[in-house]
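These notes are about the structure you will find just below.
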Amino acid sequence: MTKEIKHIGKTHANKGGNVLVVSSGMSINQYLSGVTDKYKGTPLKNAAVTKITYKNGKVNVNSIGSLHYVNKGAKVNN
């Protein structure tokens with residue numbers, strides 16, 4: 001996964017903006033366990049967002065398993 005994330009980062013580095021990459025929770029858990037000590041092994045909730053940035057050839061895990069968008073959507077629907 002790191003190879004592909006770096007490829008996506010390199011491809012879009014000069015274009016600016018964000019890229020959404022979707023994966024299964026099991027794959028994300030496995031990836032995080034190998035690239036950061038921030039991940040403690042807790043399964044991620046459905047629709048949780050993990051923010052990863054790519055800069056100068058390096059991948060950085062900024063946040064893991066945020067439900068911000070799920071909660072914001074729930075407020076809009078109420």
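Residues take their numbers from the sequence shown, with the count starting at 1.
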Under a 4.5 Å side-chain heavy-atom rule over Ile, Leu, Val, Met, Phe, Trp and Tyr, are Y39 and V59 clustered together? yes
Whether the side chain of [X] engages the backbone of [Y] through a donor-acceptor N/O pair (distance < 3.5 Å, no angle test) should be reported.
X   : Y   : answer
T50 : G65 : yes
T36 : L32 : no
N60 : I52 : no
K40 : D37 : yes
K51 : I64 : no

Measure across Y54 and K10 and return the closest heavy-atom pair with its distance rounded to 0.1 Å. OH-CG, 3.0 Å
Which atom of S23 lies closest to which atom of M1, heavy atoms considered: OG-CE, 4.0 Å
Restricting to side-chain contact (heavy atoms from CB on, under 4.5 Å), what partner residues turn up for T42, sequence neighbours left out? none
Pair L67, K45 - check side-chain contact (heavy atoms from CB on, under 4.5 Å), show working. CA-CA 8 Å; L67 293 173; K45 302 268 185 194; 4.0 Å; yes
Side-chain donor-acceptor pair present, S66, S63, cut-off under 3.5 Å: no
Hey, are the side chains of I8 and V21 touching, using non-hydrogen atoms and a 4.5 Å cut-off? yes
Below 4.5 Å, heavy atoms only, C-beta onward: do V22 and L20 meet side chain to side chain? yes
